[in-house]
Amino acid sequence: MQASGSKTESGRNDLGDAKTVGEFRAALLDFFARRGRDLPWRRARNPYRVLVSEFMLQQTRVETVRERYVRWLRRFPGWRELAAASRDEVLLEWKGMGYYARARNLHRTARIVCERHGGELPPEPKALKELPGVGDYTAGAVASIAFGRAVPAVDGNVRRVLCRLLDLPDPSPRELRDLAARLLHPTRPGHHNEAMMELGATVCTPRTPRCPTCPVRSHCAAHRLGTVRERPLRKPRRPPRRVDYAAAVAIDRAGRVLLVRRPEGGLLGGMWEFPTAELPCDVANRRPNHGLDRRDRPADATGDPNSGSEPLRRAAGASSNHNMHHAAAAPTVALERLAKLGLRGVAIVALAPVRHAFTHLRARYHPVVVSLRDSAATAPPMADAPTNGEDPATARWVEPARLDAFALPVAQQKIAEQLIAEQLGDMLE
DNA sequence: TAACCGTGGCC
DNA sequence: TGGCCAAGGTT
């Protein structure tokens with residue numbers, strides 16, 4: 001294997017000697033000083049703010065984070081305030097940003113910093129990496145940006161920039177780290193790392209790189225070889241799984257709706273939702289030799305959900321064609337879900353299906369409004385009694401107008417919007 | 001190693 | 001509409 005950054009086919013020195021590397025660093029820092037964006041987390045800095053911004057920016061666009069970051073700092077100005085907050089307060093503030101494990105980890109980190117580090121973030125990468133949610137990249141970014149440590153920080157942007165600079169198709173994380181460390185400006189590592197990311201975000205972009213305006217294009221092997229568009233190599237992704245859910249919108253006598261908290265780990269962990277249960281797979285949606293056989297369905301899932309009760313109404317916009325199979329099973333599954341919570345009711349309205357795309361999941365929610373007004377069992381298991389100090393009840397009755405006060409994932413917010421648009425009064429008559 | 005974990009914008 | 005992607009970390 002040819003040593004990275006050594007002689008190229010054209011015979012030019014390409015980041016292989018100290019002089020060239022020095023020129024590269026200077027051009028990079030000059031670019032950042034003159035063309036770097038004015039972003040909130042680049043203004044007033046302290047270790048807490050740097051860490052918050054890095055958590056928020058994991059796999060998330062700058063434009064999404066921008067306002068959320070400012071709002072977060074107003075709500076949780078420092079370690080102490082964040083550590084003192086409840087899980088619900090933290091998740092509510094994170095609502096809509098996705099990857100909610102980040103919020104839980106940031107919260108845990110704040111408590112660790114307060115309880116074990118005297119309220120000060122440790123500056124060494126090794127100590128940083130022991131904090132929940134802090135990996136190789138974040139440790140390097142915080143150590144260099146907040147504490148001036150000369151350590152590399154390789155994120156997706158930096159990886160792309162490096163792959164192009166040296167025309168590497170698919171280098172290992174170790175290679176990238178070594179390479180980044182070799183190029184790193186020894187006395188201004190924070191600015192250097194940020195400048196590399198800024199270059200990747202605004203100039204050396206994935207799709208249509210702006211090579212004519214690139215401050216370091218004279219150092220770029222891919223530019224010279226015409227391989228910029230193919231660097232780095234893309235890996236094929238597996239197609240997302242398809243899942244259908246029934247969502248039970250249970251309404252009690254007072255017109256309140258029931259929310260339950262999802263379990264800590266896993267998808268949307270700790271977030272609130274209308275009680276939800278997976279629907280049996282649609283035969284037509286399955287690939288041969290995969291998934292469940294038809295007889296694996298729950299025996300009553302295909303029965304008439306409304307036998308012996310009033311007929312189910314369909315809200316305007318509710319699908320009645322190709323979703324028919326799922327839409328038909330949804331009321332029964334929704335009632336079963338509520339039965340597990342000790343509740344018995346009557347399905348009265350099917351709302352329109354809500355489609356939602358997760359990274360590795362294509363979900364469809366089939367909301368069913370269930371009236372509990374004639375039920376005698378709306379109280380006991382649903383009491384608001386906290387189970388312990390930190391973990392308030394896992395189920396709560398909520399006035400629809402107050403749903404905003406709960407950390408609902410986006411798909412659940414869509415269901416809530418439909419519910420409010422449908423006008424509860426009409427339904428309960 | 002590869003799967004899992006959200007969301008919104010873009011084409 | 002649907003696939004791709006964006007300042008990763010965890011298991």
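Letters go in sequence order (proteins before strands), and every chain restarts at 1.
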Is [X] touching bases, backbone alone, or none of the nucleic acid, heavy atoms closer than 4.0 Å?
X      : value
A:R108 : nothing
A:R262 : nothing
A:T138 : sugar-phosphate
A:W94  : nothing
A:V65  : nothing
A:A141 : nothing
A:P132 : sugar-phosphate
A:M97  : base
A:R160 : sugar-phosphate
A:G266 : sugar-phosphate
A:L39  : base

Whole-Å distance separating the [atom1] atom of [X] from the [atom2] atom of [N]:
X      : N      : atom1 : atom2 : value
A:R241 : B:dC4  : CZ    : P     : 7 Å
A:Y99  : C:dG9  : OH    : P     : 12 Å
A:M197 : C:dG8  : CE    : C1'   : 12 Å
A:E63  : B:dG8  : CD    : P     : 14 Å
A:L131 : C:dG8  : CG    : P     : 19 Å
A:L267 : C:dT11 : CG    : C1'   : 16 Å
A:R102 : B:dT7  : CZ    : P     : 10 Å
A:R229 : C:dC4  : CZ    : C1'   : 13 Å

Closest listed nucleotide, where the reference is the side chain of [X] and the choices are [options]:
X      : options              : result
A:L268 : C:dG2, B:dT7, B:dC5  : B:dT7
A:V410 : B:dG8, C:dG9, B:dG6  : B:dG8
A:R237 : C:dC5, B:dG6, C:dG9  : C:dC5
A:N105 : C:dT10, C:dC5, B:dT7 : C:dT10
A:P409 : B:dT7, C:dC5, C:dG8  : B:dT7
A:F358 : B:dA3, B:dG6, C:dG8  : B:dG6
A:H360 : C:dG8, B:dC5, C:dG2  : B:dC5
A:R61  : B:dG8, B:dG6, C:dG9  : B:dG8

Has [X] got a side-chain N or O lying under 4.0 Å from the OP1 or OP2 atom of [N]?
X      : N     : value
A:Q59  : C:dG8 : yes
A:R238 : B:dA3 : yes
A:Y100 : B:dT7 : yes
A:H356 : B:dG6 : no

In terms of the angle between their ring planes, are A:H192 and A:H185 parallel, tilted or perpendicular, with boundaries placed at 30° and 60°?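 Rings of A:H192 and A:H185: tilted, as their planes differ by 30° to 60°.
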* Asked: Are A:F358 and A:H360 near enough that their ring centres are under 6.0 Å apart?
  ->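 They do not qualify: ring centres at least 6.0 Å apart.
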Determine the Euclidean distance between corresponding P atoms of C:dT1 and B:dG6; express it in Å to zero decimal places.
->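 B:dG6 and C:dT1 have their P atoms separated by 23 Å.
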- Query: With rounding to whole Å, what would you report as the distance between C:dG9 and B:dG8 at their P atoms?
  - Reply: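 My reading of the P atoms in C:dG9 and B:dG8 gives 22 Å.
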Practice prompt. Test for a donor-acceptor pair under 3.5 Å between the base of B:dG6 and the side chain of A:T60, counting only N and O atoms.
Written response: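 Pair found.
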Looking at every heavy atom in both A:D38 and A:R66, which two are closest together, and how far apart are they?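 For A:D38 and A:R66, the tightest heavy-atom pair comes out as O-NH2, 3.0 Å.
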Worksheet entry | Residue pair A:Y137 / A:E54, side-chain donor-acceptor N/O under 3.5 Å |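 The answer is yes; a qualifying pair exists.
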Interatomic spacing from CG in A:D167 to CG in A:L225 - rounded to 0.5 Å: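 It is 5.0 Å, given to the nearest 0.5 Å.
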Can you measure from NE2 (A:H191) to CZ (A:F32) and round to the nearest 0.5 angstrom?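 Rounded to the nearest 0.5 Å, the NE2-CZ separation comes out at 6.0 Å.
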Q. Mapping A:R207 and A:G156 to their closest nucleotides on DNA chain C, which lands nearer the 5' end?
A.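 Nearest nucleotide further toward 5': that of A:R207.
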Out of A:R261, A:M271, A:R396, which residue meets the side chain to side chain contact (heavy atoms under 4.5 Å, CB included) rule with A:F406?
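One option only clears the test, and that one is A:R396.
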*Would you mind telling me which of A:W72, A:W79, A:F76 makes a ring-ring contact (aromatic ring centres under 6.0 Å, His included) with A:Y48?*
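Answer after filtering A:W72, A:W79, A:F76: A:W79.
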